[in-house]
Amino acid sequence: MKFQLNPQQQAAVDCCDRPLLVLAGAGSGKTGVITQKVVHLVRQQALLPEKIAAITFTRKAAREMRQRVARQLGEQAAQVWISTFHALGLRILREEAERLGYRPGFSIFDPQDSLTLLREILHDSATREDLERVRWQISAWKNDGLGPDDAPGEPNTLEVFRGYQERLKHYNAFDFDDLVAQPGALLTSDAECRERWQWQFRHVLVDECQDTNSCQYRLLRLLIGARTGLTAVGDDDQSIYGWRGARPDNLEQLQRDFPDLSIVKLEQNYRSSGTILKAANALIAQNPHTFSKALWSELGEGDPVALRPCQDPADEADQVVAAILERKFTRKAQPGDFAILYRSNHQARALEQALRGHRLPYRVSGGPSWFERGEIKDLICYLRLLANERDDAAFLRVINRPRREIGAGTVDKIAEAAARRDVALLAASRHLPATVAARSAARVRDVVQWLDDLKAAALTPGQMLQRVVDDTGFRDFIAREAADEATGRSRARSVDEFVKWVSGMDGGLTEVIQQLSLGDEDSEDASDDRVRLMTLHAAKGLEFPYVFMVGVEEGVLPHRNSLDDGQLEEERRLMYVGITRAQQSLTISWCQARRRFGEVSDEGVSRFVAEIPDELVHRHGAQDVSSPQTAKAHLAGLRDMLGDL
DNA sequence: ACGCCACCTATTTTT
DNA sequence: TAGGTGGCGT
């Protein structure tokens with residue numbers, strides 16, 4: 001496939017002699033630009049592929065980009081460093097671990113492991129909420145590039161932070177935030193190392209730059225040496241992650257950090273109708289801007305934006321379903337052409353009910369992923385423990401799964417011994433204290449012996465995992481543990497799938513685990529033809545022919561907790577992101593009444609709706625479908641007309 | 001180890 | 001209102 005670039009896109013690709021900021025509006029073809037630029041750097045600028053880094057936020061974006069680069073560069077694409085910030089950080093850490101006092105084969109703790117760790121530090125009086133709060137705080141500090149010595153906080157919270165970091169190191173483990181923070185700290189303090197990495201890359205490209213937090217931005221800057229090219233792509237109007245530390249003003253910071261920065265704006269949109277873009281432009285114009293931008297398109301004006309007041313969420317859901325059925329009929333649209341977007345997850349419930357009721361296939365995005373499922377996490381922990389015997393979190397997870405009748409008392413005694421001798425739980429299990437009863441001691445020795453044998457056998461990660469499953473009877477254990485037979489079967493199946501998946505991976509144990517720890521290979525199936533339900537946050541980067549934004553009410557969007565200090569602007573951007581997902585048709589609806597904590601609230605339509613000019617909208621009112629009764633009747637009529645869908 | 005009840009809280013979430 | 005958590009009893 002060959003891309004026709006418009007003049008602005010071409011300018012962005014061609015600009016290689018100075019740092020560049022590409023302000024890429026929604027749907028302006030920025031992925032194509034990044035892809036083409038990588039190709040250009042290799043083909044025209046004669047850069048070696050391994051001298052180029054393209055950084056994204058999600059694995060999905062990275063995968064997409066790699067595929068598109070591969071389509072043009074073929075084999076060479078594999079040499080380009082296309083990865084997420086975290087994967088890049090991991091790759092740096094793998095080479096520099098020793099400098100930080102870590103050993104090869106280190107573990108990566110997920111948030112759950114972090115919670116386990118904090119539970120040890122904060123002893124038993126802490127509730128789950130306390131632990132979550134502390135974890136959140138520590139993570140926020142790290143994302144701001146702060147450590148226990150410079151973070152602003154209560155002395156005892158900082159003490160917890162310090163203890164947390166010390167323990168992580170003791171376990172030879174990093175948490176997710178460390179994957180970016182530690183390379184940043186290392187390259188800051190170690191000039192030799194910094195130069196080496198600056199030498200590594202001749203050009204760095206960053207996607208979604210407005211989403212970088214302080215820590216990511218610091219790492220980015222540290223990678224840019226005197227001879228390193230930079231292409232930053234971003235859209236300040238789509239910055240919706242301020243609440244988790246993203247700094248959209250990093251786009252402005254670029255101008256200060258790189259005085260010779262060029263700026264290219266991509267304003268032609270290839271996705272939406274003119275009407276939808278005008279609505280989006282008008283809305284976002286209400287926000288203050290450093291960089292102004294107006295999207296336009298050649299796709300024609302299209303339908304007006306439909307505005308629909310509804311009685312309550314159930315009525316709203318019925319109306320959305322009615323509209324979907326109608327369009328399935330009149331425009332031969334497929335379920336997969338529709339997306340329903342909302343501010344918060346619980347809003348999905350009413351919609352799911354209505355969709356189920358009318359046999360419309362749907363998919364809710366944002367459930368727990370494969371790797372978060374308990375049985376998969378168990379298996380990953382076995383591998384982690386085999387690669388890094390200091391990984392106490394993995395040890396604790398695995399020691400009694402499947403049941404080995406090693407009681408809490410025994411584990412406590414092992415933990416005491418480990419603490420006393422300052423060794424890991426697994427090491428302590430090899431020299432059990434005399435206080436452990438002979439029976440328990442024998443059981444522990446058996447597991448440890450088995451683990452040691454497994455480690456000594458020269459096996460691939462896949463074979464190792466297969467042995468774990470076989471030797472422990474893991475499938476049966478997992479199946480028996482499930483509440484009902486069906487979930488038992490499905491879990492056993494997912495164990496098999498996982499073993500197969502790991503067997504297909506290449507690399508040694510360490511690489512495989514570190515891959516796995518970074519998360520799911522999301523099994524996004526383009527062919528699956530279902531109505532998509534998701535939050536506005538989850539919708540970023542996606543597009544759909546028909547979009548419904550529901551619950552566009554004061555208190556919901558903008559959310560009631562975001563009415564002050566600049567957060568309102570982020571809520572408006574959220575609305576903007578929602579609008580710009582739509583290709584042909586956009587329907588905005590809200591409820592007159594919504595049950596909230598038991599009480600009926602009626603805050604009414606969102607202020608954002610009034611920010612869309614009148615001439616762009618079509619208001620549905622009482623004469624259309626407005627009461628639940630008529631909506632139901634309308635639906636019934638449609639059903640008769642279309643047959644049972 | 002499991003089930004029941006009282007209590008609390010109530011956005012957005014990737015890696 | 002509802003769903004999740006934590007404490008407590010069997």
Side-chain angles (χ1 to χ4, degrees), chain A residues 55-63 83-91 93 108-115 119 124-133 135-136 139-140 142-143 174-181 207-208 211-213 215-216 219 239-246 312-313 341-350 365-369 371-372 400 403 405 407-408 481 483 514-522 534-541 551 553 555-563 567-568 570-571 573-575 577-578 593-601:
Chain A
I55 312 175
T56 63
F57 274 83
T58 64
R59 316 187 77 213
K60 195 174 153 206
R63 182 172 29 107
S83 66
T84 61
F85 266 105
H86 295 265
L88 174 68
L90 171 60
R91 211 159 149 185
L93 286 178
I108 297 168
F109 273 23
D110 71 11
Q112 214 186 342
D113 299 315
S114 297
L115 221 58
R119 187 169 283 129
D124 16 295
S125 62
T127 69
R128 197 199 168 88
E129 276 92 21
D130 294 333
L131 296 171
E132 299 264 12
R133 251 198 352 267
R135 180 180 60 179
W136 171 271
S139 172
K142 288 194 188 187
N143 286 157
F174 296 106
D175 69 12
F176 279 141
D177 300 319
D178 282 339
L179 296 182
V180 181
D207 193 14
E208 307 275 23
D211 285 340
T212 50
N213 59 38
C215 182
Q216 290 161 332
L219 179 58
S239 161
I240 53 175
Y241 287 109
W243 52 275
R244 64 180 200 208
D312 55 51
L341 310 181
Y342 37 80
R343 175 66 232 263
S344 47
N345 286 309
H346 72 262
Q347 295 175 261
R349 215 171 291 147
S365 310
S369 78
F371 288 17
E372 281 155 5
N400 259 320
R403 295 267 110 81
E405 325 241 63
E481 203 185 38
Q514 292 178 352
Q515 283 288 318
L516 291 173
S517 303
L518 280 189
D520 207 336
E521 192 65 38
D522 40 332
M534 66 187 94
T535 63
L536 289 162
H537 285 92
K540 192 163 89 145
E553 293 144 42
V556 178
L557 179 67
H559 194 274
R560 52 178 42 76
N561 299 350
S562 309
L563 295 176
Q567 289 186 90
L568 185 68
E570 186 157 305
E571 296 290 301
R573 292 194 287 266
L574 215 35
M575 175 96 184
V577 166
R594 171 182 298 276
R595 284 194 94 71
R596 214 193 139 243
F597 315 152
E599 275 145 47
V600 176
S601 75

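Proteins come first, then strands; the chains are lettered A, B, ... in the order of their sequence lines, and each starts at number 1.
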Problem - Nearest-Å distance once atom C1' is located in both C/dG6 and B/dT11 - result: 24 Å
Practice task
Indicate whether OP1 or OP2 belonging to B/dT15 is found under 4.0 Å from a side-chain N or O atom of A/S517.
Solution key: no
Practice task
Take nucleotides 3-11 of chain B nucleotide by nucleotide from the 5' end and write B, S or -, depending on whether a protein heavy atom sits under 4.0 Å from the base, only from the sugar-phosphate, or from neither.
Solution key: -------BB
Exercise for the section: Let me know the distance between CD of A/E132 and C1' of B/dT13, rounded to the nearest Å. Expected result: 12 Å
Completion exercise
First and last nt of DNA chain C near chain A, cut-off under 4.0 Å to heavy atoms, 5' to 3', are C/dT1 to C/dG6
Practice task
For A/R403, report the nucleic acid contact type (base, sugar-phosphate, nothing); a contact means any heavy atom under 4.0 Å.
Solution key: sugar-phosphate
Handout entry: Side-chain (A/E570) to main-chain (A/Q567) donor-acceptor, under 3.5 angstrom
Key = no
Practice task
Starting at atom CG of A/D207, determine the distance to atom P of B/dT14, rounded to an integer number of angstrom.
Solution key: 16 Å
Exercise for the section: Give the rounded distance in Å between these two atoms: OH of A/Y342 and P of B/dT12. Expected result: 10 Å
Handout entry: salt bridge (charged side-chain N to carboxylate O under 4.0 Å, His left out) partners of A/R91, counting only residues at least two apart
Key = none
Practice task
Check A/S239 against A/D211 and note the closest heavy-atom contact, atom names and distance.
Solution key: CA-OD1, 4.2 Å
Practice task
Report the distance from atom CD of A/Q216 to atom P of B/dT13, rounded to the nearest whole Å.
Solution key: 17 Å
Problem - Minimum-distance nucleotide to A/H86 side chain [options: B/dT12, B/dT15, B/dT14] - result: B/dT15
Exercise for the section: With DNA chain B as reference, determine whether A/D177 or A/E570 sits nearer its 5' end, using the nearest nucleotide of each. Expected result: A/E570
Exercise for the section: For residues A/L518 and A/L90, determine if any side-chain heavy atom of one lies less than 4.5 Å from a side-chain heavy atom of the other. Expected result: yes
Problem - Pairwise side-chain contact, A/Q347 with A/R594, heavy-atom cut-off 4.5 Å (strictly under) - result: yes
Exercise for the section: Give the rounded distance in Å between these two atoms: CH2 of A/W136 and P of B/dT12. Expected result: 11 Å
Practice task
Send over the distance from A/L219 CG to B/dT15 P, rounded to a whole Å.
Solution key: 17 Å
Practice task
Nearest whole angstrom, please: distance from the C1' of B/dT14 to the CG of A/L179.
Solution key: 12 Å
Practice task
Would you confirm whether A/Q514, through its side chain, and A/I108, through its main-chain N or O, come within 3.5 Å as a donor-acceptor pair?
Solution key: no
Practice task
Compute the ring centroids of A/W243 and A/H537, then answer whether they are less than 6.0 Å apart.
Solution key: yes
Problem - A/F57 over B/dT15, stacked by centroid distance under 5.5 Å, angle under 30° - result: no
Practice task
Determine, stepwise, if the pair A/F109 / A/D178 fulfils side chain to side chain contact (heavy atoms under 4.5 Å, CB included).
Solution key: CA-CA 10 Å; A/F109 273 23; A/D178 282 339; over 6 Å; no
Handout entry: Pairwise C1' distance, C/dT5 and B/dT12 [rounded to whole Å]
Key = 22 Å
Exercise for the section: Would you mind reading off the distance between A/Y241 atom OH and B/dT15 atom P, rounded to a whole angstrom? Expected result: 10 Å
Problem - A/Y342 side chain near A/T535 side chain, heavy-atom distance below 4.5 Å - result: yes
Exercise for the section: Give a yes or no on whether the backbone of A/L557 and the side-chain of A/R343 come within a donor-acceptor separation of less than 3.5 Å. Expected result: no
